[in-house]
Q: 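One structure coming up, written as structure tokens, with questions to follow.
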Amino acid sequence: MQYLVSVIDDTTNSGTDEEMVAIDEFNDRLRAGGHWVFAGGLAAPETSTVIDGRGEQPVFTDGPFIESKEHMAGFWIIEAPDLDVALELMAAGSKACNRRVEVRPFLEV
């Protein structure tokens, strides 16, 4: 099963050198355990564009979909046999990046 793990932050590009080392080490642990799929950091919410293509013409709006103090600053996509394993892994991920994370399973199709 795959999970999207959102890293929650209130600033952009705020990782310290120590946090980046811990994140790299955690990523290596995910790879070694066969849990790694993909991960990345995200630019500031202000750089986003929301597109609403439901009408006759798409509407493009600069900025984030939701104005919020906190935002998704990065993410992991991981594989785990079940939610308990994903939560255990990402408790360590939260510690490594020194941020709160949200774990959500992908829908099975």
Side-chain angles (χ1 to χ4, degrees):
M1 180 135 207
Q2 291 187 335
Y3 296 86
L4 169 66
V5 181
S6 304
V7 178
I8 303 164
D9 202 350
D10 60 357
T11 57
T12 302
N13 200 23
S14 62
T16 65
D17 291 341
E18 294 82 14
E19 290 167 344
M20 297 311 293
V21 167
I23 292 166
D24 287 342
E25 289 172 356
F26 178 71
N27 288 343
D28 289 343
R29 176 180 164 199
L30 288 176
R31 286 183 190 97
H35 302 289
W36 175 269
V37 176
F38 185 75
L42 298 172
E46 298 79 31
T47 66
S48 65
T49 302
V50 176
I51 303 167
D52 186 348
R54 296 175 291 177
E56 294 230 359
Q57 295 292 322
V59 177
F60 298 85
T61 307
D62 291 337
F65 171 67
I66 297 175
E67 298 287 339
S68 175
K69 179 182 173 194
E70 295 179 313
H71 59 273
M72 185 171 156
F75 66 93
W76 280 280
I77 297 175
I78 64 166
E79 289 200 18
D82 58 45
L83 181 59
D84 290 338
V85 171
L87 295 176
E88 181 180 333
L89 286 168
M90 296 322 300
S94 173
K95 185 175 181 92
C97 69
N98 196 32
R99 310 256 178 321
R100 293 183 305 137
V101 299
E102 175 188 60
V103 177
R104 293 178 68 182
F106 281 95
L107 296 175
E108 294 187 45
V109 290

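Being a predicted model, the structure only gives us computed values, none of them experimental.
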Q: Is there a donor-acceptor pair under 3.5 Å between the side chain of Ser6 and the backbone N or O of Val101?
A: no
Q: Report yes if the side chains of Val85 and Glu88 come closer than 4.5 Å at any heavy-atom pair, otherwise no.
A: no
Q: Taking all atoms of both residues into account, what is the closest heavy-atom pair of Ala86 and Ala80, and its distance?
A: N-CB, 3.8 Å
Q: Roughly how far, to the nearest 0.5 Å, is CE of Met20 from CG of Asn27?
A: 8.5 Å
Q: Considering residues at least two apart in sequence or located in another chain, which fulfil the side-chain contact (heavy atoms from CB on, under 4.5 Å) criterion with Asp84?
A: Asp82
Q: Calculate, to the nearest 0.5 Å, the distance between atoms CZ and CE belonging to Phe26 and Met90 respectively.
A: 4.0 Å
Q: Cluster question for you: counting only ILVMFWY and a side-chain heavy-atom cut-off of under 4.5 Å, with indirect links fine, are Phe75 and Leu87 together?
A: no
Q: Applying the 4.5 Å side-chain criterion to the ILVMFWY set and letting contacts propagate, would Phe38 and Leu42 be lumped into a single cluster?
A: yes
Q: As an exercise, state the distance from CZ of Phe106 to CG of Leu4, rounded to the nearest 0.5 Å.
A: 5.0 Å
Q: I'd like to know if the side chain of Ser94 and the backbone of Arg99 have a donor-acceptor N/O pair within less than 3.5 Å.
A: yes
Q: Ignoring hydrogens, what is the shortest heavy-atom contact between Ala22 and Ala96? Give both atom names and the distance.
A: CB-O, 3.4 Å
Q: Between Thr16 (side chain) and Glu19 (backbone), is there a donor-acceptor pair under 3.5 Å?
A: yes
Q: Determine whether Phe65 and Ile51 fall in the same hydrophobic cluster, where Ile, Leu, Val, Met, Phe, Trp and Tyr are linked whenever their side-chain heavy atoms lie under 4.5 Å apart.
A: no
Q: Does Tyr3 share a hydrophobic cluster with Met72, counting links as ILVMFWY side-chain heavy atoms below 4.5 Å and allowing steps through other members?
A: no
Q: Of the non-hydrogen atoms in Gly93 and Trp76, which two are nearest, and what is the gap between them?
A: O-CH2, 3.9 Å
Q: To the nearest 0.5 Å, what is the distance between CD1 (Ile78) and CE (Met1)?
A: 11.0 Å
Q: NE2/His71 to CD1/Ile8 distance, rounded to the nearest 0.5 angstrom?
A: 10.5 Å
Q: Between Arg54 and Asp52, is there a donor-acceptor pair closer than 3.5 Å when you use the side chain of the first and the backbone of the second?
A: no
Q: What's the shortest heavy-atom distance between Val50 and Gly63, and which atoms?
A: CG2-O, 3.4 Å
Q: Drop me the distance from Ile23's CD1 to Leu30's CG, to the nearest 0.5 angstrom.
A: 11.5 Å
